[in-house]
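Quick notes on the structure that follows.
Letters A, B, ... are given to chains in the order of the sequence lines, protein chains preceding strands, and every chain is numbered from 1.
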Amino acid sequence: MKEPADQDNRKRILTIIKLVPTGRVATYGQIAHLAGLPNNARQVGSLLKSISSPDIPWFRIVNSKGEISERRNEASQSMQRDALEGEGVQFTENNRVDLSKYLWKPS
DNA sequence: AAGGTGACTTTTC
DNA sequence: TGAAAAGCCACCT
């Protein structure tokens with residue numbers, strides 16, 4: 001039987017994000033890779049902007065530099081930083097997180 | 001149908 | 001080390 005691939009992928013991505021533990025962050029590429037979409041990091045981001053589920057810790061997703069990606073809605077950006085700091089993640093002067101410390105390493 | 005866009009990543013210089 | 005360009009792929013005019 002056949003399934004709509006993109007919807008299935010979307011669900012898989014969200015599932016992965018839910019697995020990211022508190023106080024940790026993950027990169028878009030990592031999420032995409034874990035979801036089985038190695039080169040679709042952008043799609044992950046595109047999906048996150050339309051997030052509506054409170055169960056999804058979207059704020060734990062940052063880009064490969066460890067910085068919060070720029071977006072149209074600035075409020076969302078500062079909200080993300082605030083949420084991460086509330087979980088114990090410290091930001092550097094450059095407005096970045098130390099990936100070598102906070103990056104989620106799945107088993 | 002075809003080209004532009006984007007919450008990205010990696011390679012190059 | 002860091003900025004710029006190229007690469008990628010789904011989604012939207």
Got a second to check how far [X]'s [atom1] is from [Y]'s [atom2], nearest 0.5 Å?
X	Y	atom1	atom2	result
A:Ile31	A:Ile61	CD1	CD1	4.0 Å
A:Asn73	A:Lys49	CG	NZ	11.5 Å
A:Leu99	A:Lys101	CG	NZ	12.5 Å

What is the separation between atom [atom1] on [X] and atom [atom2] on [N], rounded to the nearest whole Å?
X	N	atom1	atom2	answer
A:Leu47	C:dC11	CG	P	9 Å
A:Asn40	C:dC11	CG	C1'	12 Å
A:Ile31	B:dT9	CD1	C1'	15 Å
A:Asn63	C:dC8	CG	P	20 Å
A:Arg81	B:dA7	CZ	C1'	17 Å
A:Glu67	C:dA3	CD	P	11 Å
A:Arg96	B:dA7	CZ	C1'	17 Å

(message) Does B:dT9 have OP1 or OP2 under 4.0 Å away from a side-chain N or O of A:Ser64?
(response)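 For A:Ser64, the contact criterion (side-chain N or O under 4.0 Å from OP1 or OP2 of B:dT9) is met.
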(message) On DNA chain C, does the nearest nucleotide to A:Ser46 precede the nearest nucleotide to A:Asn39 from the 5' side, or the other way round? Give the residue.
(response)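 Nearer the 5' end of the strand: A:Asn39.
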(message) What I'd like to find out is whether the side chain of A:Val62 reaches to under 4.5 Å of the side chain of A:Gln80, using heavy atoms alone.
(response) yes
Quick one: which of [options] gets closest to the side chain of [X]?
X	options	answer
A:Ser76	B:dA7, B:dT9, B:dG6	B:dA7
A:Lys49	B:dG6, C:dC9, B:dC8	B:dG6
A:Trp58	B:dG6, C:dC9, B:dA7	B:dA7
A:Leu48	B:dT9, C:dC9, B:dA7	B:dA7
A:Arg42	C:dA10, B:dC8, B:dA7	B:dC8

(message) So, applying side-chain contact (heavy atoms from CB on, under 4.5 Å) with A:Val25, which one of A:Ile68, A:Val20, A:Val97 is it?
(response) A:Val97
(request) Map A:Val62 and A:Gln43 onto DNA chain B by nearest heavy atom, then report which one ends up closer to the 5' terminus. (result) A:Gln43
(request) Check every strand shown and say whether A:Glu70 touches a base, only sugar-phosphate, or nothing at a heavy-atom separation below 4.0 Å. (result) sugar-phosphate
